[in-house]
Amino acid sequence: MPKMRFEALLESRKREHIKMEETGKRSDLFGRNVFNEDKMLQFLTKEAFENVKSAIFQGNKIDRKIADQVAEGMKAWALSMGATHYTHWFQPLTGATAEKHDAFFDIMSDGKAMEKFGGAQLVQQEPDASSFPSGGIRNTFEARGYTAWDPTSPAFIYKTTLCIPTIFVAYTGEALDNKAPLLRALYAIDQAATDVAQYFDKNVRKVYATLGWEQEYFLVDKALVQSRLDLVMAGRTLVGSLAAKGQQLDDHYFGVIPPRVLSFMSDLEKQCTKLGIPVKTRHNEVAPNQFELAPVFEEANLSVDHNLLLMDVMEEVADKHNFRVLFHEKPFEGINGSGKHNNWSLATDTGVNLLSPGTTPMKNLQFLTFFVNTIKAVDTYEELLRSSIASASNDHRLGANEAPPSILSIFIGKQLSDVLDELEGVSKGKLSPEEKTELKLNVVGKIPEILLDNTDRNRTSPFAFTGNKFEMRGVGSKTNCAKPMTILNTIMAKQLTDFKKEVDALIDKKNLKKDEAVFNVLREYIKTSKRIRFEGDGYGEEWQLEARRRKLSNNKNTPQALQVITSKESVALFKDMGVMNEVELKAHQEVELGAYIFHIQIEGRVLGEMVYSHIVPAAIRYQNTLLENVSGLKEVYGAAHKKVAEPQLNILEQVGEHIVEIKKLTDEMTEARKRANGLSTAQKKAEAYCDNVKPYFDAIREQSDKLEKLIADDLWPFTKYSELLFAK
């Protein structure tokens, strides 16, 4: 193993960056491989084009005759681009993407060959679903699952394959993926937000949820990754002593991008641009060898698809540049982990961002309506929102090294807090003329000025308002954005639905004017959701005690966080909003628990192999070296050798103690894993892995890291942090 480490180091040091040729304006490349509106105008009949547009913007269904026309045009375009296959590109509950390629090529009854692709192949396929996680929705022997075309996300060509974004459902109709629930949640928020937006503008006919993600990741030379069993199998380093230098000097953050990395980024951006992914921002992140990429905001469903596609493309481009992308939320101990901040807002079909103040008091009242309702929704369903970011890998990140804590809170800044405090004092019922004037001119009317001068920032807040959007910062870098976006849009749809009922009741039964009714309801929401607002530092025991006083949940690990998914309140919420039924919720919970169990199980097995097969043997070899040295000194110095050999004997004793302890801990961990495997339910098994197996990881790591510092460098089997994090 030491040989493999040094060969990997030698190989990584010989790398040269691949020079990328400039390709001119990015706008000329954008969407080249996407069946977008320009391509549809060129390859579709007028009737087919109008039907697809209607499906995208009004949600209307496309009948089979039109589907045949769309398929014919799509095939013609794909063949002109050199495509040879097509696939339904979908998002099973693995968290990644899936695809099964079929050739356009077919043999006719007369034996002649032709390129074939019709409406039936476009609209629906039947992949073998037996090996995808389903949470018990279907048995393994019931392989039937259906993928169905999602026309709101355009088809694209990746390499030589036409990829058609689809949902994935069981033959009984339940969702087996992350896209179907997201689409239902987006429909629910559209209906609820449109109804509320029409209080302020009767011309609004549709509201879109928008998403802008920020993808953080590490880049490590692929030879160095291959030299680490834990990085290959688990995606993170299970052992490894901290390097003398980490991120203390903040010299990597926003620094000059290394040439090899810049070549990778340039290549990646070129591929993304062709695929219609509007990547815009790139920079060094805080930790060594950590970087970030962010796009222009898009409609949420399309943005989710683009993020998943981006992750696939990143891995391929990285391999070309002799890198490995690490998406794990915490691949290295003691430095920042990687998140995927989800910047969320709502936009109307009239071009208005509903979370951005306007130029008039009425537009600002619209902003306040959606702003306060968001706070209220998060306060009511904070535990459910926490569950959407739960995973074995993200558990390592939350609450450490600038990452948000596991307690959900909202940061809005002092200025906006002052505005809400003033609104909290609004009179109940009808407002006096003086109060109306004061509210509209001096409170609501001044919101744009307040936001313009607002310099408040809080990097660790889980849910922060950042001027014209809310930023959900707890989302992990590996997470499919569909999960938090489904829950956020669902709870917001429910909240806006309840808000409209309350406002309409005050207008109809109390004879209040519309703005008076809105102020009255908002006042109550501000009061009842005050506990979720927090302006301080989310770390430390003090905030945990305060959160407990406020009765906020503190689900520190995934098994705890996932329990809320099937609570009576959650089942009622998702049913009322038409997003998921109880069977689907239980299935999603079961799949998430299963994934947690498998991740911890794999890490335990890998850690055991590293200890038994590499760390202990390396320590014993070093012991033998020391023994030979002491024996030689004894031959030379006789009885006086003890004084000369004292340092060696001291190290020999320390190494022996660590060998005993690491072997003992690893044996105990293995037994704890066996006991956990024998439990009957996924919940119990996950809790056992969390409480009884996982704690051994840190204890074993501590012993290993002490051995790493003691053992001669040429005997240590694993590539060290100083080598992994600072190789350029």
Side-chain angles (χ1 to χ4, degrees), residues 192-193 196-201 345-346 352-380 382 409-454 456 458 461 463-470 491-492 495-507 510-536 550:
V196 173
Q198 287 185 349
Y199 281 145
F200 309 98
D201 183 356
S345 190
L346 297 170
V352 174
N353 179 352
L354 294 171
L355 285 173
S356 182
T359 54
T360 66
M362 184 54 72
K363 288 181 180 178
N364 291 329
L365 181 56
Q366 175 179 265
F367 157 73
L368 270 176
T369 295
F370 286 91
F371 178 70
V372 173
N373 270 282
T374 304
I375 295 172
K376 176 64 175 172
V378 174
D379 176 65
T380 304
E382 46 92 14
S409 64
I410 295 180
F411 174 84
I412 62 173
K414 184 180 184 303
Q415 290 86 344
L416 280 173
S417 288
D418 291 343
V419 170
L420 296 192
D421 289 344
E422 289 195 58
L423 289 172
E424 195 177 335
V426 171
S427 299
K428 189 173 183 179
K430 293 188 177 182
L431 308 177
S432 66
E434 294 79 15
E435 194 170 22
K436 277 190 177 182
T437 300
E438 171 67 18
L439 281 172
K440 290 184 176 179
L441 293 182
N442 296 324
V443 179
V444 177
K446 290 187 176 180
I447 288 175
E449 299 170 28
I450 289 170
L451 288 181
L452 187 66
D453 297 329
N454 184 0
D456 289 344
N458 188 326
S461 174
F463 203 88
F465 184 70
T466 55
N468 60 0
K469 62 189 183 299
F470 279 96
I491 65 175
M492 191 61 180
Q495 178 55 48
L496 290 173
T497 300
D498 292 346
F499 171 77
K500 188 171 190 304
K501 288 178 182 175
E502 292 184 53
V503 171
D504 288 349
L506 291 178
I507 294 171
K510 301 290 185 179
N511 294 318
L512 296 186
K513 291 184 178 179
K514 179 181 64 181
D515 54 350
E516 289 177 323
V518 168
F519 275 125
N520 271 258
V521 177
L522 291 182
R523 178 199 62 215
E524 293 305 311
Y525 287 174
I526 292 167
K527 289 179 180 177
T528 57
S529 63
K530 206 165 187 176
R531 65 168 190 158
I532 200 72
R533 286 160 43 199
F534 178 62
E535 306 298 311
R550 296 186 187 193

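Residues: numbered from 1 along the sequence shown. Hydrogens, waters and symmetry mates play no part in the numbers below; they use all other heavy atoms, side chains included.
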query: Charged N to carboxylate O under 4.0 angstrom, Lys510 versus Glu516?
result: no
- request: Supply the atom-to-atom distance Ile532 CD1 to Thr380 OG1, rounded to the nearest 0.5 angstrom.
  value: 9.0 Å
query: Under a 4.5 Å cut-off applied to non-hydrogen side-chain atoms, are Asn353 and Phe370 in contact?
result: no
- prompt: Does a side-chain heavy-atom distance below 4.5 Å link Leu368 with Val444?
  reply: yes
query: Below 4.5 Å, heavy atoms only, C-beta onward: do Lys363 and Pro357 meet side chain to side chain?
result: no
- prompt: Is the backbone N or O of Leu423 less than 3.5 Å from a side-chain atom of Arg523, with the two atoms forming a donor-acceptor pair by type?
  reply: no
task: Would you mind reporting whether Gln366 and Val352 have side-chain heavy atoms less than 4.5 Å apart?
output: yes
query: Would a distance-only check, ignoring hydrogens and angles, find a side-chain to backbone donor-acceptor pair under 3.5 Å from Glu424 to Lys527?
result: no
- prompt: Asn373: what forms a side chain to side chain contact (heavy atoms under 4.5 Å, CB included) with it, not counting sequence neighbours?
  reply: Thr369, Met492, Gln495, Leu496, Phe499, Leu522, Tyr525
- prompt: Any side-chain heavy atom of Leu506 sitting closer than 4.5 Å to one from Glu502?
  reply: no
field: Note: Arg533-Asp421 ion pair, threshold 4.0 Å (strictly below)
entry: yes
message: Could you measure the distance from the OG atom of Ser417 to the CD1 atom of Ile410? Nearest 0.5 Å is fine.
response: 10.5 Å
- prompt: Would you say Leu346 and Leu355 make side-chain contact, with heavy atoms under 4.5 Å?
  reply: no
message: Within the structure provided, determine whether Ile375 and Ile412 are in side-chain contact (heavy-atom separation under 4.5 Å).
response: yes
task: Identify the residue among Arg531, Arg550, Lys530 that makes a salt bridge (Lys or Arg N to Asp or Glu O under 4.0 Å) with Asp379.
output: Arg531
field: For Ser409 against Ser461, the heavy-atom pair lying closest together
entry: O-OG, 4.0 Å
- line: Scanning both residues in full, the closest heavy-atom pair of Ile507 with Ala517 reads CG1-CB, 3.8 Å
- request: Using ring-ring contact (aromatic ring centres under 6.0 Å, His included) as the criterion, list what pairs up with Phe371, not counting sequence neighbours.
  value: Phe367, Phe465, Phe470
task: Decide side chain to side chain contact (heavy atoms under 4.5 Å, CB included) for Leu420 and Val372; before the verdict, give the C-alpha distance in whole Å, the side-chain angles of both, and the deciding distance to 0.1 Å.
output: CA-CA 9 Å; Leu420 296 192; Val372 173; 3.9 Å; yes
query: Are Phe463 and Glu382 close enough that some pair of their side-chain heavy atoms sits under 4.5 Å apart?
result: no
- request: Search all heavy atoms of Lys469 against all heavy atoms of Ser345 and return the closest pair with its distance.
  value: CB-CB, 4.2 Å
